[in-house]
Structure formats: structure tokens, C-alpha cells
Amino acid sequence: MSSSPRPRLAQATFRAAFCLLLLFVGSTSAQAQIPTAWQTTHSFPYGPKMGLAATGDSTLITAVEAGVLRTANRGRTWTLALRAHYVTSIFATPSGLLLAGGVGKLYRSRNGGLNWDSTRLATVYPVVAMTAAPQGGLLVGTGALDAAGNEVGSGVFFSADNGQTWSARNTGLGAGRFVNHVAADSQGRLYATVTDEVVKNQPGLYMSFDDGLHWQYLPIRLAGPGWPDPVSAFDVTALAVSPQDSLLCSFTGAYQGIGVMGNFAKSLSQITDPTIGWTVRGGTSGQNWWFREPLNTFFFARNGTWFNSRQGLPNTGGTLMSRNHGRSWTLLRNGLGVGVGGLREVQQFAEFADGKVYMVQNTDPLVYWLDAGTALASAPPQLTASLQLFPNPATSVVHLANHTGQAIRSLTLTDLSGRLVRRFEVAAADNAPALPLHDQAPGLYLLNVTLGDARVVRLHLIRQ
């Protein structure tokens, strides 16, 4: 049913006003303080939580035993928005579509979690991982451990219509079909990890150039001489694309028949070059790369802080925070509870535009928050008024008017979680660049403008 002109005009006016309200700028010279303790939300009903996603300025969803829990006021009150057995994953796309993975099905909400529909996938296994491609497609991974402890699954499924229909896309993947992590980069490449303890099932990291139609194995070889063989990654615990354009991968596995575990990174510009090795990244234990405790789910806050988590006893497990792109980590335990086994577990994070980060810990009934701050929080008013986006909301192109008197060093577009979506090539002397948005899915983005004096100004951009 088509909309009448009046509602369409009202919607456009609201979006424009909303965008102007959200506009903010700041300087990287301002220092954000590392928080010292977690706080809990006002309420946290329905028992243990798993997974977390945010949309808008105040809405959170998380999975509980009874289904999907929703709050529109940052945890003051919650409602059971979806009754569903065994929800295994939660995800929010840049366009605001909310997804909840179930067993052989996927639930969708297009209005902030108020209402949900569902669609079936050709699998009997749960959906455990989800990501959105820059062109707008959706990729999910499936799998579980069976009663004997074997890794089983149906591989990956892709949707080109916002999750209405799904097709299996496993050509080139190893014989193992438990895909526990998926990711996408700004160049449209998709990544998936197959977990399996059987070497002949070809566990490890895979990449696709064509929305998952074909996959190729990515060997993980260490940079530098003396490490000729690739590492066998049996169980990848973390996979993410950083805002600095690196692919991050943490895993347990084997090297030349010896058990190893560690954290690695490789620049996206070098990801297809097998002659260039992966760089060892920091962890929270072990001096040698082969005995560094693998990290879990990465989250990149807008102020530059990286979040992760460490499993273990209350005196050893907790939240990990890094201010140097993961080279070293600080452990935060204050205010943090435990999961059902009395242990600190894997954590999931979400952030709102004001810098408040929310978190749930697997099997922990509480919902936590802290004020990570936005290191970009108070630019001079004259700088705020000297950079303007128009039109905003935008469709195929947006213009940036630069009246700061400084050249533009770089322009990048990220989603609200900090994930890099694309880079724009702009001549330093161009003070009114036109930025193409044809390939971007509708949604709310951040345009990061780095000026000649190294200050970064961030503007909210709505892609219609």
C-alpha cells in the first residue's frame, strides 16, 4: 500500500529534524576517562541474558529463556516483546532492522522490537552468528554441539531481501558446517569461521568476494622468518573488522602438531596476499604468541576504546578494555556479577550516541552500563557550524560544506557501533566534496572528518 504525500513529507521532516538534533562534533585531543566500575540498570527481569543490540537512542533488546526482552527507556522497564524458545543470537543492522536467531528460523523486527515476524531457514540448527554486508545483504552462520560433543551445522545462509528469504551458500567451505562467526568489511568481502576439531573437515577462516556464493580458505601464517607453516584454527573465538581496517582473529588450534592459542591481525589491504603474514596481537596472559588467551567478541566504542571480555573466576575474569587498538588490555571487574556457574562469561556490548555502553554477560541475569564518554565531546561552536552536510537525510549523494579553513585529511563512514563502512577519496583542496551513497543501505551513520590539525569531527548522516 503506498503512502500519501502528506505522511511521506511528515516522515522526511521528522528525519531531518532528528538528524539536526543528533549532529555532534568533537576533537580527538580531548581525553576520555577509562571507567572504573559497571553500574546495573534499574531492572533486569526474566533471568539470565544472552546477546545485546541497541537501536535508536534508548531501545535495547536481549535474549532470555522466554524469548526477546525489550526496553525503550534504557533498562528502567522491560517487556517480553517476543515469545520464542531458544533464541541464540541478537543483531541490529545499520538500517535499524533487529534480528534474533532461533533454531532453524530467524525473527525480524522493523519497528525497534515492538513487533516481530519470522522466516524459516533450511536447517535444524540454531543461528549463532549474523552480520550485514555494506551493500545491504545479510549473512548468518549456523551450528551447535551435538550430544556427543561434535561440531555440527548447516554452514551459512544469505539474504538479499532484508531477511525475508534465505539461501544456503557453502561452496568452498570446509566439510565442517558449524560456522560460529561471520563478518564483513567495507570492500564488500564476507568472512566466516568454521569450528571443528577434525583437521580433515578444514576448520578455520574463509573469505568470499561474491556474497557467499564461493568461499576460499585464508591460511593464518605468522609474519617474520621461522614460521613457515599456517596455524590450524580449530575454534575461532573472535572475528571482527576493526575501525583501523584490520581483520582480527582469535582462536585455539595447533601449530606443527602442538596445541596453541592466540590473537592475530592483518591489514585488509594485505588480506589476499599469502606472502604477507599475520601480526601477533596482545592478550591477557602468556608472553609467547602460542599461549596468549584468545579474546572473545570485540566491540569498538566511538571514543576509540575497544571492549572485550575474559572468562574465568571472579578474581581473574571480567571486562577487557583497550585504548591502544588491542595491543594491551585493562581488566575491569568492579560492579560485575557472575553467570550461573559462578564464573565470568563472554560479554556482549551496545552503545548509544551519548557514549553510554551497555553490556550483558552470558547466563548472568543483570544488565550493566557505564559511561565510556565520547572523547569527541565538545568542539568549539565555530567548528561545529563550519562543517555541514546537505541534504540530510540523503539518498544517492550527500555534500559536505567545509568552512573550517583547514584541508580535509580523510573522510570515513562508520555505523553506530564504530564498524567502518567505507572510505571516501577527497582531494585536500576540495572544500565541498560530493560523497556517493549509492551502495549504502538505508540507516543512520557517522561521517568522520579528519581535519588538517588532526582533529576529528563526527557528523550524523541519515541514508534514506
Side-chain angles (χ1 to χ4, degrees), residues 88-89 123 125-131 139-156 170-183 190-208 212 215-223 227-241 247-266 271 274 277-286 288-298 308-312 317 326 343 345-346 362:
T88 53
S89 53
T123 179
Y125 301 109
V127 174
V128 295
M130 296 182 273
T131 194
L139 181 74
V140 302
T142 64
L145 294 176
D146 65 14
N150 301 310
E151 293 91 351
V152 293
S154 299
V156 298
N170 294 317
T171 301
L173 282 182
R177 286 291 186 264
F178 185 172
V179 175
N180 64 338
H181 294 283
V182 291
L190 298 177
Y191 304 90
T193 62
V194 175
T195 180
D196 205 303
E197 293 184 0
V198 180
V199 176
K200 68 177 182 180
N201 287 340
Q202 298 175 289
L205 175 62
Y206 291 81
M207 178 179 64
S208 173
W215 295 91
Q216 67 180 67
Y217 180 73
L218 282 182
I220 301 177
R221 290 186 173 90
L222 275 72
W227 306 100
D229 297 331
V231 178
S232 297
F234 298 145
D235 182 13
V236 174
T237 62
L239 181 71
V241 175
L247 185 63
L248 309 175
C249 186
S250 300
F251 59 84
T252 60
Y255 182 78
Q256 295 183 344
I258 300 174
V260 299
M261 56 184 179
N263 307 288
F264 295 84
K266 191 172 184 179
I271 201 69
W278 290 64
T279 302
V280 176
R281 301 304 296 264
T284 57
S285 64
N288 300 314
W289 72 262
W290 56 84
F291 200 63
R292 291 186 177 177
E293 186 174 356
L295 297 167
N296 297 300
T297 304
F298 283 93
N308 212 291
S309 56
R310 180 179 181 181
Q311 296 166 272
L343 301 175
E345 297 290 352
V346 175
N362 287 356

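Only this structure's heavy atoms are used, side chains among them; waters, hydrogens and symmetry mates stay out. Numbering starts at 1 and runs along the sequence shown.
For the atom pair CG of Leu218 and NZ of Lys266, the computed distance is 7.5 Å after rounding to the nearest 0.5 Å. Residue Asp235 holds its CG atom at 4.0 Å from OG1 of Thr195, rounded to the nearest 0.5 Å. Atom OG of Ser250 and atom CZ of Arg281 lie 10.0 Å apart (nearest 0.5 Å). How far CH2 of Trp227 is from CD of Gln256: 8.0 Å, rounded to the nearest 0.5 Å. A distance of 11.0 Å separates CG in Asn296 from CZ in Arg310, rounded to the nearest 0.5 Å. With values rounded to the nearest 0.5 angstrom, Met261 atom CE is found 9.5 Å from Asn263 atom CG.
Between Arg292 and Val280 the shortest side-chain heavy-atom distance falls below 4.5 Å. The shortest distance between side-chain heavy atoms of Val231 and Leu222 falls below 4.5 Å. Between Phe178 and Asp196 there is no side-chain heavy-atom pair separated by less than 4.5 Å. Between Val194 and Gln202, every side-chain heavy-atom pair lies at or beyond the 4.5 Å cut-off. In this structure the side chain of Leu247 reaches within 4.5 angstrom of the side chain of Leu205, judged on heavy atoms. Ile258 has its side chain out of reach of Trp290: every pair of non-hydrogen atoms, C-beta onward, lies at least 4.5 Å apart. For the pair Ser154 and Arg177, the minimum side-chain heavy-atom distance is 4.5 Å or more. For the pair Phe234 and Val199, the minimum side-chain heavy-atom distance is below 4.5 Å.
Qualifying ring-ring contact (aromatic ring centres under 6.0 Å, His included) partners for Tyr206, counting only residues two or more places apart in sequence or in other chains: Tyr217. Here Phe251 pairs with Phe264 under the ring-ring contact (aromatic ring centres under 6.0 Å, His included) rule; sequence neighbours left out.
In this structure, the side chain of Asp146 does not engage the main chain of Val152 through any donor-acceptor pair within 3.5 Å. Side chain of Thr142 to main chain of Gly155: a donor-acceptor pair is present (N/O by atom type, distance under 3.5 Å, no hydrogens or angles). Not one N or O on the side chain of Ser208 forms a donor-acceptor pair closer than 3.5 Å with the backbone of Trp215.
Between Tyr125 and Gly143 the shortest heavy-atom distance is CB-N, 4.0 Å. Across all non-hydrogen atoms, the minimal contact from Glu293 to Gln311 is OE2-O, 3.8 Å. Taking every heavy atom of both residues into account, Thr237 and Pro294 meet most closely at OG1-CB, 3.4 Å. Across all their heavy atoms, Pro203 and Val198 have their closest contact at CD-O, 3.5 Å. The minimum heavy-atom distance between Val156 and Asn170, with the atom names listed, is N-OD1, 2.8 Å. Considering every non-hydrogen atom in both Pro219 and Pro230, the closest pair reads CB-CB, 4.0 Å.
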Test side-chain contact (heavy atoms from CB on, under 4.5 Å) applied to Glu345 and Leu343, step by step: CA-CA 6 Å; Glu345 297 290 352; Leu343 301 175; 3.8 Å; yes
Verdict with supporting geometry, Val346 and Thr297, side-chain contact (heavy atoms from CB on, under 4.5 Å): CA-CA 7 Å; Val346 175; Thr297 304; 4.1 Å; yes
side-chain contact (heavy atoms from CB on, under 4.5 Å) assessment of Thr193 paired with Asn180: CA-CA 6 Å; Thr193 62; Asn180 64 338; 2.7 Å; yes
Step-by-step side-chain contact (heavy atoms from CB on, under 4.5 Å) determination, Ile271 to Trp278: CA-CA 9 Å; Ile271 201 69; Trp278 290 64; 3.9 Å; yes
